[in-house]
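Counting starts at 1 for both ligands and their atoms, following the listed order. All heavy atoms count here, side chains included; hydrogens, waters and symmetry mates do not.
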Amino acid sequence: MSDDGLKKIISHAKEYGFVFPSSEIYDGLSAAYDYGQLGSELKNNIKQYWWTAMVRMNENIVGIDAAIFMHPTTWKASGHVDAFNDPLIDNKDSKKRYRADVLIEEHIAKIEAKIQKDVDKAAARFGDAFDEAQFRSTNPQVLRRQSEIDDINARFKAAMDADDLASVKALIEDLGITCPISGSKNWTDVRQFNLMFKTELGAVSGDSGVVYLRPETAQGIFVNYLNVQKSGRMKLPFGIAQIGKAFRNEIIARQFIFRMREFEQMEMQFFIKPGTQEEWYNHWKDARIQWHKALGLGDENYRFHDHVKLAHYADAACDIEFNFPMGFKELEGIHSRTDFDLKQHEEYSSKKLRYFDPETNESYVPYVLETSIGLDRMFLAVLSSALREETLEDGSERTVMAIPFALAPVKAAVLPLIKKDGLPEKAREVLAQLQLHHIVQYDEKDAIGRRYRRQDAIGTPLCITVDHDTLNDDAVTVRNRDTMQQERIAIADLNAYVDGLVSMTSLFQA
Ligand code: GAP
């Protein structure tokens, strides 16, 4: 899918009540969005899937809900006040502002696309005999391009590690990167820009009252490490999970809900014995990719991307990237954060944040493995892989949102075939029985075919029709969104039937 694909998703999301531009009657606010009646249900279901996988299914992971405002020293200790910056650069002709690292990454992506083209061409030429790994490691053109990428990465990493912004600018100039708007290479110097939003607490003004809107939920977990460990009598290894809002004053906030200034994160910090971080890094990489793949959005839509430039707190880090309409982009981060955060908080708070290990009789600061996924990006991943235009056997068209059944905002629609003969009353009985367990809609307006289309467009897995036979046989016809097959089900068995298809349990049995 292309940018065009993204436009379709944005307009479908608005038309059907998934996502609206924030405060739209005032022409909206850049990079802020509101989740509508269906969007908030889908969001809740994604949260529930994550919370179940992390907290409910792991006896050594517990969840918390920390405040968004935190003592300002938290952010000094975490490094965010000094280092949570993006290098930005302006094009003097278009007056557009860019992240320098993004310009470089996009340049690399173009070279990667050329490599992929070479690989695809060779694959087509050699057919079944093609060995991709061998081709990539021997083809001179691919090797030259790969070494070009490695050189760029190395130069960029060295410049950023040394905080040498002049070299970042020189790299952009040497690569001949042009502004996508003006096409010119007329760049300003690169500057650092802190991404945290500042506000003031109560009536205090000036520096003493400054608080930040948290740029990640993780620090709320770190400052509660000891509270949770002691009150929950937690033994290492153990994890603390949290879902909540985070705020970043992104320089370029675009691509719909992919990059916003207010967004939600689902983060888990896993506290471990120092020295075991590699084992747990691999464990969480596996666990998280499995969580994604169980949804059935297509295994080919995920890939790992190792970080070249590690964040100030990490000794290893990778992203799980998803094939969004704009291409493969970061969906989730997995970071081996060492003991950086807890040690920093020890230093700044003068409180011991240790773990007494009863097995070794030692006291130490645990290491931390973090998994951090953006809820809104996950929402976009689901939406963008779900939206399809299909031509049916009879030549008619349908727009269907093939959202995984367990995540669908509305699980079923109850539809009386016609609006009389006691069918609406019977249908409402069926509705009442299902509503105890799921979000279910009732719809009696228009011909049945049109009602099916409306439900397809919002991703409802099951349409349940109450017809004249229902009054005699106490059974209904259930139509499956994806197969469009219909099955006759006794009303007495309906709850179990619906549950079997839409419950989240199935995602954990895959
Ligand atoms: N605690 C670690 C941390 O915050 P991150 O890679 O900066 O790491 C984690 O963010 C995840 O949060 C990202 O993988 C992404 O899904 C999401 N995220 C980050 N910035 C975002 C933004 N501006 N809009 C939407 N989601 C964002």
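Under 4.0 Å from any atom of ligand 1, one finds heavy atoms of residues Glu216, Ala218, Arg248, Glu250, Phe258, Arg259, Met260, Phe263, Gln265, Glu267, Tyr313, Glu330, Leu331, Glu332, Gly333, His335, Arg337, Glu370, Ser372, Gly374, Arg377.
Aromatic rings from Phe256 and Tyr33 are positioned such that their centres are separated by under 6.0 Å. If you look at Phe270 and Tyr281, their ring centroids are not closer than 6.0 Å.
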Please walk me through it: do Gln277 and Ser336 pass side chain to side chain donor-acceptor pair (under 3.5 Å)? CA-CA 7 Å; Gln277 64 267 34; Ser336 173; 5.4 Å; no
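Cation-pi geometry between Arg377 and Phe258 is satisfied (NZ or CZ under 6.0 Å from the ring centre, within 45° of the ring normal). Within the cation-pi definition used here (under 6.0 Å to the ring centroid, within 45° of the axis), Lys43 qualifies as a partner of Tyr35.
Applying the salt bridge (Lys or Arg N to Asp or Glu O under 4.0 Å) test to pairs two or more places apart or on separate chains, those with a residue in residues 284-295 are Arg288-Glu332.
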